Amino acid sequence: MSIYPNVRFLKSAHGPGDFCEDFGAEVAFSGRSNSGKSSAINAIIHRRDLARTSKTPGRTQLVNFFELAPGERLVDLPGYGFAKVPPAMRDHWRRLMDAYFGSRSSLAGLMVVMDGRRPLTDTDWRMVEMAAGRGCLVHVLLSKCDKLTRNEARETLRRVRAELGEAASAQLFSAVSGEGVEEARGVLKAMLAHERPAAEAEPLTQPWEERG
Ligand code: GDP
């Protein structure tokens, strides 16, 4: 049984003009392409087909809104980190993300899905900073942890938590073994219920800097 039995696809947005009405609370999911974001969303919401909607041709570069319950939304942000992306597509993605993080006062939290074997890329950091910079809760799912040994998983989690510091929390996750699914559901629920600070989005001053 889904924890959100009436979940439904609302719309895909190509630009800020198409975003859903900005009320209630929403939690966004972001991640590199192939990080396991769709599998994580499906496992957490317990709907096998939910994030497939965002994967249909033509929708992968859009912001996809789902209603979990009245006034509560999940937002599937377009993946990033494709090996070869035309500059125009990358620019579109950056503008879309700036518009999204700069405008949504209902944004309660961000889940960043990272392949546990390759966490914290430059763009992962950019996502964390965009959300944390405006006072949003940020939580990192270290996905595919079934592919790591216990020691590797433990060490990765320790290192990622240390690097994130106050900016975000983090956990191990596997859509295959089910590890961390309940924990992630708890975080999602808490984010949606969290009282948001006055919606004063800080200006996005961070340039697209490269990190070491
Ligand atoms: P997305 O592009 O970020 O939405 O990633 P997908 O959810 O489509 O997953 C990308 C690939 O990783 C697929 O082949 C999945 O089957 C695989 N995958 C996703 N989650 C897991 C996981 O928890 N464990 C393992 N072993 N593979 C996974």
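Remember, it's a predicted structure, so these values are computed and weren't measured experimentally. We number each residue from 1, following the sequence as shown. Read the numbers this way: they start at 1 and go in the same order the structure lists the ligands and their atoms.
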I'd like to know whether M127 forms a side-chain contact (heavy atoms from CB on, under 4.5 Å) with D124, so could you lay out the CA-CA distance, the side-chain angles of the two residues, the decisive distance to 0.1 Å, and finally the verdict.
CA-CA 5 Å; M127 303 307 290; D124 289 335; 5.6 Å; no
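- In summary, the side chains of N64 and S12 do present a donor paired with an acceptor at a separation below 3.5 Å, with no hydrogens or angles considered.
- For the pair R94 and Y80, the cation-pi criterion (under 6.0 Å, within 45° of the ring axis) is not fulfilled.
- Taking OG of S106 as the start and CD of E21 as the end, the distance is 9.5 Å to the nearest 0.5 Å.
- Ring geometry, Y100 versus F65: the interplanar angle falls from 30° to 60°, so the pair is classed tilted.
- Closer than 4.0 angstrom to ligand 1 by heavy atom are R32, S33, N34, S35, G36, K37, S38, S39, K55, K144, D146, K147, S174, A175, V176, sorted by chain and number.
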Where do V140 and F173 land on the side-chain contact (heavy atoms from CB on, under 4.5 Å) test, with the steps shown first?
CA-CA 9 Å; V140 170; F173 188 91; over 6 Å; no
